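Just so you know, these numbers come straight off a predicted model, no measurement behind them. Computed over heavy atoms, backbone and side chain alike; hydrogens, waters and symmetry mates excluded.
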Amino acid sequence: MIEIDQAKIDFFQNEILNWYSKFGRDFYWRKHNLTDFEYIIAEVLLQRTKAETVAKFYPSFISRFPDWQYIANASDNEIEDFLRPVGLYTQRAKRLKSLAKEMVKRDGKLPRDRQVLESIPFMGQYIANAVELVIFKQPSPLMDVNMSRVLERFFGERKLADIRYDPYLQELAYKVVAHPNSKKVNWAILDFAASVCQARKPKCNSCIFKARCSYYLNNESIFPTES
DNA sequence: ATCCTGCAAA
DNA sequence: TTTGCCGGAT
């Protein structure tokens, strides 16, 4: 069992919010007051897809499919063709359509109960957390591969392979985003993951966290220090 | 080659 | 628990 140091969490929150105020990204789905539909579509498109790619594509999708009914009534082929530029289109089209049909059936209303929420097609752990965070305004973590990588590098590695079932990582993530402005902390972590703490070639030498980062301190020898 | 704000089927 | 999905950027 790995101990989670609250003081280290406080430090992390403060520093990453400070970083975010200077270097955070500014996407359409963050600043506008979107409908539930529009927000969920953004999350669906963002799966395994670069946010910058989605940013370019998103407005045209919303304009072609402005609500659940438009997707529910479209043919698989129509949705696939439209999704082609962002990839994963056969699966995404099929799953998006079942999600849309379910939401039409539910009259566009999202269930508060977590079990029921996750029973909706295409509502996995990640999107359910995103719905809780942005729509229900609860401090849930946007726990994707990127957040898990940042948290693990800074606080220490997880034990299990699958991030969804690792109790240490789950507990850690909830503690890290437990903050009056949870959305900002979440977005800050994702942006930091995309531009500094990348999977490949992380920019450790110029990183604001290196003095206290478990990953950096354990691998210091492989990062040539400037002299 | 590897990765991107995952998910569900196998 | 592992694998397929996928175009586009690096």
Check this for me: does the side-chain of A:Arg200 come within 3.5 Å of the base of B:dC3 through a donor and an acceptor?
no

Between the base of C:dG4 and the side chain of A:Gln91, is there a donor-acceptor distance below 3.5 Å?
yes

With nearest nucleotide decided by heavy atoms, which residue, A:Arg95 or A:Arg48, maps closer to the 5′ end of DNA chain C?
A:Arg95

SB check A:Glu132 A:Lys137 (cutoff 4.0 Å)
no

Assign each of A:Asn146 and A:Ala128 to its nearest nucleotide of DNA chain B by heavy atoms, then name whichever residue's nucleotide is nearer the 5' end.
A:Asn146

Are more than 12 heavy atoms, taken from residues, nucleotides or ligands other than A:Gln6, located less than 6.0 Å from that residue's CD atom?
yes

What is the nucleic acid contact for A:Met147, judged by heavy atoms within less than 4.0 Å: base, sugar-phosphate only, or nothing?
nothing

Under 4.0 Å, heavy atoms only, any strand: does A:Gln198 hit a base, just the sugar-phosphate, or nothing?
nothing

Whole angstrom value for the distance that separates C1' of C:dG7 from CG of A:Leu83
12 Å

Look at all strands and tell whether A:Arg92 reaches a base, only sugar-phosphate, or nothing, counting heavy atoms closer than 4.0 Å.
nothing

Determine the contact category for A:Ala199: base if any of its heavy atoms lies under 4.0 Å from a base atom, sugar-phosphate if only primed atoms, P, OP1 or OP2 are that close, otherwise nothing.
sugar-phosphate

Once you round it to whole Å, what is the distance between P of C:dT10 and NZ of A:Lys201?
12 Å

For A:Thr53, which contact category applies under a 4.0 Å heavy-atom criterion: base, sugar-phosphate, or nothing?
nothing

Between C:dC5 and A:Tyr89, is there an OP1 or OP2 to side-chain N/O distance shorter than 4.0 Å?
no

Looking for any heavy atom pair under 4.0 Å, which part of the strands does A:Phe57 touch: base, sugar-phosphate only, or nothing?
nothing

Whole angstroms only, please: what is the CG-C1' distance between A:Leu96 and B:dC7?
13 Å

Is A:Glu52 salt-bridged to A:Lys56, going by a charged N under 4.0 Å from an acidic O?
no

Over all strands shown, is A:Arg30 touching base, sugar-phosphate only, or nothing at heavy-atom distances under 4.0 angstrom?
base

With rounding to whole Å, what would you report as the distance between B:dC7 and C:dG8 at their P atoms?
23 Å

Have a look at A:Phe12 and tell me which of A:Asp5, A:Val150, A:Leu17 forms a side-chain contact (heavy atoms from CB on, under 4.5 Å) with it.
A:Val150

Atom NZ in A:Lys210, atom CZ in A:Phe154: separation rounded to 0.5 Å?
14.0 Å

For A:Glu118 and for A:Ala194, locate the closest nucleotide of DNA chain B by heavy-atom distance; then report the residue assigned to the nucleotide nearer the 5' terminus.
A:Ala194

